Amino acid sequence: MKRQAYQPILITDASRSQGDQLNSRQRRYVLMMGIRVACIIVGAILVGANAPLLWLWLPLCALGMVLIPWLAVLLANDRPPKEEHRLANRFHRRHTDDTPPMSLTAEERPHKVIDVEP
């Protein structure tokens, strides 16, 4: 009987933990909302200082104030796709082996040698 090759399980194939994903999304949300606050402050300063090219800068700040919160909420609630739904996995299927890892036949298993002294 031919023994099948051992398929190691790679740690790089493991997905990120739920807590790690949540922390990443929270940091991204706080960063994006900080950019929104900066847009509000810069817009107020530009209006108060009567800056040149106000007609250009004010709509850009307003666009940042409106779009960034919408994107921040969408990205904060988004999780990475599950492994079976990824497009790359549909084209490159891995060979799945039905035998458990390191399954040995009775003849291949190491035998304990008990040394008995007379």
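Source: prediction; values computed, not measured. One-based numbering along the sequence shown.
The two residues P69 and G64 come nearest to each other via the heavy atoms CD-O, 3.9 Å. The heavy-atom pair separating C61 from G43 by the smallest distance is SG-N, 4.0 Å. Pairing each heavy atom of R25 with each of A76, the nearest pair is CD-O, 3.2 Å.
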Output, in order, the C-alpha distance, side-chain angles, deciding distance and verdict of side chain to side chain contact (heavy atoms under 4.5 Å, CB included) for Y29 and V73.
-> CA-CA 7 Å; Y29 179 80; V73 169; 4.1 Å; yes

Side chain to side chain contact (heavy atoms under 4.5 Å, CB included) evaluation trace for M32 with L71 | CA-CA 8 Å; M32 291 179 81; L71 287 173; 3.7 Å; yes

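Listed by chain and number, the residues in a side chain to side chain donor-acceptor pair (under 3.5 Å) with D20 are R16 (sequence neighbours excluded).
By the criterion of side-chain heavy atoms lying less than 4.5 angstrom apart, applied directly or through intervening Ile, Leu, Val, Met, Phe, Trp or Tyr residues, L75 is grouped together with I68 in one hydrophobic cluster. No continuous path of ILVMFWY side-chain contacts below 4.5 Å connects M33 to W70, so the two sit in separate hydrophobic clusters. Hydrophobic clustering, with ILVMFWY side chains joined whenever heavy atoms are under 4.5 angstrom apart, groups L56 together with L46.
Annotation: the span from M65 atom CE to L60 atom CG amounts to 10.5 Å, rounded to 0.5 Å.
For the side-chain contact (heavy atoms from CB on, under 4.5 Å) criterion with I45, the lone passing option out of I41, V47, V42 is I41.
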